[in-house]
Amino acid sequence: MTNREKNPALAGAATPGASAPETAAAGTATPGAAVTEAAAACVSALSEHAADLPFARRTRTGKIKTRVMGKQNAAVALTLGILAGLTVFSLVTMNYGKVAFFTAFGQAAEDFLMMMLQPGLAGHFTLADVVTGLFVSIALAVLTTFIGAVIAFVLSLFAAVNLSNRMLSNAIKALMSFFRAVPTILWVLVFTVAIGLGPEAAVIGLLFHSVAYLVKAYSESFEEVDPGVLEALRSCGASWWQTVFAAVVPVKTSEMLSWTFIRFEINFVNAVAVGAVAGAGGIGYQLFLAGSFYYNIHEVGLIVYLCLAVAVVLEVAATKLRKRYIVHS
């Protein structure tokens, strides 16, 4: 006996060879009812033949498990459990000295709310000074990103395996990995000692990590180009530069734009962070003075809101430009 003979719900469902009048005569009043009846019939048929699945894992009530804990999921769960346990153990056994942890946590939350809800100036800076410092930090980020993108574009062409030989590609990737391994703040400190305080040290320090980051992003994007297109252009006698600007750049413009804007956002954050360290000024130096010298929460809140506004504007601009290039490509 077939499943349709066992279950009346399946008898009302349409068969592949049945016509529309036959289906309507079988008892399907509406499309929604037919779908519901067919789903119920499938569940019923699966339940009837569940005994034929000896390797299926079941619950205590006999139902088939739809989510099974595999080895990979078990390893992830075990790792997260160990990390959570170590975190709790550290919080319990940590020596806080004379500081009452929960009292300090409450005061920190109160200061945070004051900083976010009551931003303002307290006389240490004028609004013109803060806005000028903001544009100085943006200028550092723009200069670093532009120079870094140009250098990274050239290096990434030689770092891509499908556009260069493997030995040169591996050498560039290894060098870029070393540049990325060194933190940005350390590069800035190194060039601050070598060059001296000023925006030059900040730009060069930020440039190292920017170039290394973009070379990795660009080269991996170039390596995804269809090899058949490259081979077709080469067989037609196209030079290396003609191949790059005919098959690589037009296809990967959108991805390059996305990676560049992501790096620009990172460079702006880094420019704010290293503003005081490298003596480059900007809004980062004012943030350092407001938080560590004047201890004024309200000025810190205002500076944070200005940085947040810049981040939002950059995100909106990046989204619109990327959408435009995707449409035109």
Side-chain angles (χ1 to χ4, degrees), residues 137-138 140-191 194 200-231 233-234 240-274 277-278 310-311 314-315 317-319 321-326 329:
S137 298
I138 294 175
L140 288 174
V142 170
L143 187 61
T144 304
T145 306
F146 177 75
I147 298 175
V150 173
I151 298 174
F153 174 73
V154 177
L155 290 178
S156 61
L157 293 176
F158 296 100
V161 179
N162 56 347
L163 299 174
S164 178
N165 63 75
R166 186 169 296 274
M167 183 177 297
L168 180 60
S169 173
N170 292 336
I172 294 176
K173 289 180 178 179
L175 183 62
M176 295 300 108
S177 298
F178 169 73
F179 288 164
R180 286 194 307 271
V182 179
T184 303
I185 189 66
L186 188 55
W187 283 117
V188 174
L189 291 175
V190 168
F191 286 100
E200 295 84 2
V203 170
I204 297 176
L206 293 172
L207 196 61
F208 269 79
H209 210 278
S210 297
V211 171
Y213 180 93
L214 292 176
V215 165
K216 179 178 176 59
Y218 290 172
S219 63
E220 291 181 354
S221 177
F222 294 162
E223 289 173 353
E224 295 175 358
V225 176
D226 187 4
V229 177
L230 299 178
E231 186 63 28
L233 288 172
R234 290 165 182 166
W240 186 80
W241 285 108
Q242 290 174 338
T243 302
V244 168
F245 285 102
V248 178
V249 175
V251 178
K252 296 301 178 180
T253 300
S254 175
E255 294 184 29
M256 292 171 60
L257 186 65
S258 299
W259 284 115
T260 305
F261 262 93
I262 290 173
R263 188 63 215 184
F264 178 57
E265 295 176 3
I266 297 173
N267 284 338
F268 174 72
V269 175
N270 290 336
V272 174
V274 305
V277 177
V310 172
L314 292 179
E315 183 65 27
T319 303
L321 286 175
R322 187 173 184 272
K323 186 181 300 184
R324 175 183 176 185
Y325 274 94
I326 288 177
S329 60

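Along the sequence shown, residues carry numbers from 1. Just so you know, these numbers come straight off a predicted model, no measurement behind them. Any value given below was found using the heavy atoms of this structure, including those in side chains, with hydrogens, waters and symmetry copies removed.
Note that OG1 of T260 and OH of Y213 are 10.0 Å apart. Values are rounded to the nearest 0.5 Å. How far CZ of R263 is from OG of S258: 15.5 Å, rounded to the nearest 0.5 Å. The CD1 atom of I138 sits 11.5 Å away from the OG1 atom of T145 when rounded to the nearest 0.5 Å. Interatomic distance, CH2 of W259 versus NZ of K216, reported as 9.0 Å (0.5 Å rounding). Once rounded to the nearest 0.5 Å, the distance linking CG of L140 with CG of L207 reads 12.0 Å. To the nearest 0.5 Å, the span separating OG on S137 from CG on N270 amounts to 11.5 Å.
Using a 4.5 Å cut-off on side-chain heavy atoms (C-beta onward), F222 and M256 make contact. Side-chain atoms of Y218 and L155, non-hydrogen and from C-beta on, never get closer than 4.5 Å to each other. Within the 4.5 Å cutoff, the side chain of W241 has heavy atoms near those of the L157 side chain. Counting heavy atoms from C-beta on, the side chains of W240 and L163 come closer than 4.5 Å. At a threshold of 4.5 Å between non-hydrogen side-chain atoms, the residues V249 and F153 count as touching.
For the pair V274 and A202, the tightest heavy-atom approach, listed with the atom from each and the gap, is CG2-CB, 4.5 Å. When all heavy atoms of L233 and A247 are compared, the pair lying nearest together is CD1-CB, 3.4 Å. Closest of all the heavy-atom pairs between L314 and F261 is O-CD2, 4.2 Å. The two atoms that bring V161 and S169 nearest to each other are CG2-OG, 3.7 Å, heavy atoms only. Residue V244 comes nearest to P250 through the heavy atom pair O-CD, 4.3 Å, listed as atom of the first residue, atom of the second, then distance. Considering all non-hydrogen atoms of both residues, E223 and N162 come closest at CA-ND2, 3.6 Å.
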Name each donor-acceptor pair under 3.5 Å that joins a side chain in residues 175-187 to protein atoms two or more places apart or in another chain, with its distance.
unit_1, atom_1, unit_2, atom_2, d
S177, OG, K173, O, 2.8
S177, OG, R180, NH2, 3.2
R180, NH1, A212, O, 3.1
W187, NE1, F179, O, 3.2
W187, NE1, V182, O, 3.4

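Counting only distance, with no hydrogens or angles, the side chain of T319 and the backbone of E315 share a donor-acceptor pair below 3.5 Å.
Residues satisfying the side-chain hydrogen bond (donor to acceptor under 3.5 Å, both in side chains) criterion with T144, sequence neighbours excluded, are absent altogether.
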- Message: The test is side chain to side chain contact (heavy atoms under 4.5 Å, CB included); show your working for V248 and L230 and say whether it passes.
- Response: CA-CA 9 Å; V248 178; L230 299 178; 4.1 Å; yes
